[in-house]
> 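The structure follows.
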Amino acid sequence: MLSQEAPHLLEKREVKARREGLPELKNAKKGEVVLRFAPNPNGPLSFGHARGLVINSSYREMYDGEFILRFDDTDTKVKPPMLEAYELIQEETEWLTGRKPDRVIYASDRIDVYYEHAMVMLNQGFGYVCRCTADEFKEFRISKTNCPCRTQPISDNMVFWKRMLEGKFKPGEAVVRVKTDMELKNPALRDWPALRLQDTKVHPHPRPEIASTYVVWPLLDFQSAIEDHLQGVTHIIRGKDLMDSTRKQTLLYQHFGWTYPETMYWGRVKVHEWGGFSTSQMRSDIEGGTYDGWSDPRLPTLAGLRKRGTQARALRNFWMELGITQKDISVPLATLYSHNTKVIDDDAPRLAFVRHAAEFTLEGEHPKKLDIPVHPNHPEMGQRTWDLSDGQIWLESDDLEKMDLRLKEFADVALHDRVARVESMERSDQRPIVHWLPDKTSTEAVVIGTKNDTVFHIEGRLEHHAYTPGTIVQLERVGYAIFTDETTLFLCHESLKDD
RNA sequence: GCUCGUAUAGUGUAGUGGCCCAUCAUGAAGGACUCUCAUUCCUUCGACCCGGGUUCAAAUCCCGGUACGAGCACCA
């Protein structure tokens, strides 16, 4: 009845529902969306890169589109690529997004294509070879005046271009610029540089097949713009630090008569506990020995996160929850850990680890063996069996302040010298429940964790197990941990409380 | 300095003129369950940057201010 008399009331109710997942893409048709993520392979992927991967690849799934992984490796000096990173990044991309990219592109394979477009630009007069120094041009940019090179004839541009390719200029002596307008309000857009020279004898490209082949290299704004068009990219989602890039590139697209893709931006993300890390800073810290490689768990790299047991799904949930707002934000690690806990808890077998273990002898009547569940919420995961035949057990030294304890799943005991006297098998009072281990079912082990950029080791007794490296377990009353080897574990979540 | 952008609970986030004395998550506090300080569940706490304007009606539109961030690299 309502639907007949006042259908608008029903419609409104739908609108109120909280939006789930990512917002719709503008001008997007299912099956016709092409997205890309374009890191510089100057190191393995970091936590921040994960956002680009997660958001872009999620839209691929949402629209049944295509996802391109592109290596923007066009700088051999300031941010030189790292050869191993090409493989690592592809592997990490697959791990994080759950599948391979539809296409993988190396910008350094496509230099000739960029040259062709540079020549079109020069021939059609919307680009020119500028021989001013960077400082000289800066003055022109500030004073909104044309540089003398701007009006030179196309024939001159072609000559200078040829000389650039032949290596007749040194880096800094010539650059190809896109003609925009020196009066543009935004100084960043005025006749921006598109290609420059690099001394690839001194700074060869790390890929052996490229090495010193080229001296003229495109800059990001040019290379990325051309490649996006060539690959048919329909939607670009990237950081808002690249907003002026969009504007520069749109100007270039107008010259070529192309239409620029739809663009969305996200703001800066800082993780409260990490502060600022840059790939180059990490690189030098690793080389200097501060960190133990790119997968050091203190580092905000995907490799480091992975090593401490962070699940791809947790990372995906984390970034999906932040969405793509342009706000600059600072998130606590607790948020990521909370996602990770949700992902791992159901599958994490329980295991006992007694920190700083102290040995006691059981006194009194008690069973010689004990069966306890592997996971309290999942009986189907089976039982673990403890051997108490020699009566020797281990307790956490921090638990020894109280003299009366309940040994979890076992018995009430009273401590006294190195003896634990069994008072009752049933729970008889409210004494604290502690975890413990029989000597015969445990071995020496070490748990490693991090705290404020330092690494700590905890020695103790670990319950016997048959888990392989990489298995995530929950150490009862301690926390989630991932096996490094049979007797070494790493705590998944850094303890965030001060103690 | 010029240019661009953003401002909702402690932290994130939904909300695109009336359904909003504002959503969801996280966090904190309390409780239930549990022979873990885990998981799960319940309760509570807590926000529309400031000032004008438009409108019958503004978190939502406009202007100004403030704060924060980014670009103005022959880096990506």
Side-chain angles (χ1 to χ4, degrees), chain A residues 9 11-13 15-20 23 38-42 72-75 77-81 107 130 132-134 137-138 141-142 144 169-177 184-190 192-198 216-217 219-221 223-224 238-248 265 267-270 272 278-280 317-318 321-323 325-332 334-339 341-342 344-346 348 350 352 372 375-378 406-412 426-427 431-435 474-480 496-497:
Chain A
L9 288 180
E11 282 174 35
K12 294 270 182 175
R13 191 155 294 174
V15 178
K16 174 145 197 203
R18 183 170 217 267
R19 199 201 76 225
E20 275 191 34
N40 179 349
N42 62 340
D72 280 352
D73 56 346
T74 55
D75 183 282
K77 188 185 173 188
V78 184
K79 290 181 178 172
C130 175
C132 304
T133 65
F137 193 84
K138 192 174 180 182
R141 181 170 47 236
I142 292 169
K144 299 187 179 180
F169 292 112
K170 289 194 179 68
E173 289 179 350
V175 61
V176 177
R177 293 187 183 283
L184 252 20
K185 274 198 347 181
N186 188 342
L189 313 184
R190 298 171 194 159
W192 53 273
L195 301 101
R196 74 348 190 147
L197 296 156
Q198 297 193 98
V216 178
W217 283 82
L219 272 325
L220 170 86
D221 288 316
Q223 176 272 128
S224 177
R238 57 184 171 193
K240 68 174 184 178
D241 53 312
L242 262 15
M243 272 183 165
D244 282 343
S245 267
T246 299
R247 298 183 182 105
K248 287 188 215 176
Y265 310 94
R268 256 202 152 202
V269 175
K270 254 183 18 192
H272 187 253
S278 71
T279 302
S280 37
N317 292 345
F318 174 87
E321 184 172 67
L322 296 197
T325 62
Q326 290 187 30
K327 218 160 117 183
D328 299 315
I329 54 175
S330 176
V331 265
T335 305
L336 177 61
Y337 291 158
S338 154
H339 282 291
T341 296
K342 283 189 175 68
I344 62 182
D345 184 73
D346 271 338
R350 269 48 176 173
I372 39 188
H375 193 303
N377 305 339
H378 298 282
R406 169 79 188 171
L407 303 185
K408 188 170 180 294
E409 311 269 11
F410 185 58
D412 286 357
E426 298 307 311
R427 183 122 211 236
R431 64 183 70 190
I433 298 166
V434 300
H435 68 298
Q474 189 204 67
L475 301 177
E476 290 174 319
R477 293 178 73 221
V478 178
Y480 299 96
L496 301 170
K497 287 177 184 158

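Letters A, B, ... are given to chains in the order of the sequence lines, protein chains preceding strands, and every chain is numbered from 1.
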> Quick test of your reading of the model: are Asp73(A) and Lys79(A) salt-bridged, counting only N-O distances below 4.0 Å?
no

> Between C4(B) and U8(B), how far apart are the C1' atoms? Round to whole Å, please.
23 Å

> Any heavy-atom pair between the side chains of Thr133(A) and Lys138(A) that's under 4.5 Å?
no

> Hey, does Ser245(A) reach any base, or is it just sugar-phosphate, or nothing, if we go heavy atoms under 4.0 Å?
nothing

> Look at the side chain of Gln474(A) against the base of U36(B) and say whether a donor-acceptor pair falls under 3.5 Å; ignore hydrogens and angles.
yes

> Suppose you measure atom C1' in A14(B) against the same atom in A47(B); what distance do you get, rounded to whole Å?
13 Å

> Could one point to a donor on the side chain of Arg477(A) or the base of A38(B) with an acceptor on the other under 3.5 Å away?
no

> With the threshold set at 4.0 Å, does a side-chain nitrogen-carboxylate oxygen contact exist between Asp345(A) and Arg350(A)?
yes

> Give a yes or no on whether a donor-acceptor pair under 3.5 Å exists between the nucleobase atoms of C75(B), that is its base, and the side chain of Lys79(A).
yes

> Quote, to the nearest angstrom, the C1' distance that separates G65(B) from C24(B).
33 Å

> Counting the atoms with a prime plus P, OP1 and OP2 as sugar-phosphate, which does Thr325(A) contact under 4.0 Å by heavy atoms, base, sugar-phosphate, or nothing?
sugar-phosphate

> Look at the side chain of Asp328(A) and the base of U6(B), then say whether one donor and one acceptor between them are separated by less than 3.5 Å.
no

> Counting Watson-Crick and G-U wobble pairs only, both distances under 3.5 Å, name the nucleotide matched with C4(B), or none.
G69(B)

> Honestly, is Arg177(A) close enough over Phe137(A), meaning NZ or CZ under 6.0 Å from the six-membered ring centre and within 45° of the axis?
yes

> Using the C1' atoms only, state how far U23(B) lies from U40(B), rounded to an integer number of Å.
23 Å

> Quick one: label Lys342(A) by what it contacts on the DNA or RNA (base, sugar-phosphate, nothing), any heavy atom closer than 4.0 Å.
sugar-phosphate

> Are any side-chain N or O atoms of Gln474(A) and backbone N or O atoms of His375(A), one a donor and one an acceptor, separated by less than 3.5 Å?
no

> Reckon Lys185(A) has a side-chain N or O less than 4.0 Å from the OP1 or OP2 of C4(B)?
yes

> Roughly how far apart, to the nearest Å, are C68(B) and C56(B) at atom C1'?
37 Å

> Salt-bridged, Arg247(A) to Asp221(A), with N to O below 4.0 Å?
no

> Using heavy atoms to find the nearest nucleotide of RNA chain B for Val331(A) and Pro376(A) separately, return the residue whose nucleotide is more 5′.
Val331(A)

> Mark yes or no for a side-chain to base donor-acceptor pair under 3.5 Å between Arg350(A) and U36(B), with no hydrogen or angle criteria applied.
yes

> Could you give the distance separating A59(B) and G52(B) at their P atoms, to the nearest angstrom?
14 Å

> Between Pro187(A) and Arg406(A), name the one whose nearest nucleotide on RNA chain B is closer to the 5' end.
Pro187(A)

> Could you check how far OH of Tyr337(A) sits from P of A38(B), rounded to whole Å?
17 Å

> Categorize Ile329(A) for me: base, sugar-phosphate, or nothing, with a 4.0 angstrom heavy-atom threshold over every strand shown.
sugar-phosphate

> Expressed as a whole number of Å, how far does the P atom of A67(B) sit from that of A25(B)?
36 Å

> Would you mind reading off the distance between Leu189(A) atom CG and G5(B) atom P, rounded to a whole angstrom?
12 Å

> Determine the Euclidean distance between corresponding C1' atoms of A9(B) and C20(B); express it in Å to zero decimal places.
15 Å

> Give Thr133(A) one of three labels, base, sugar-phosphate or nothing, depending on what nucleic acid heavy atoms sit under 4.0 Å from its own.
base

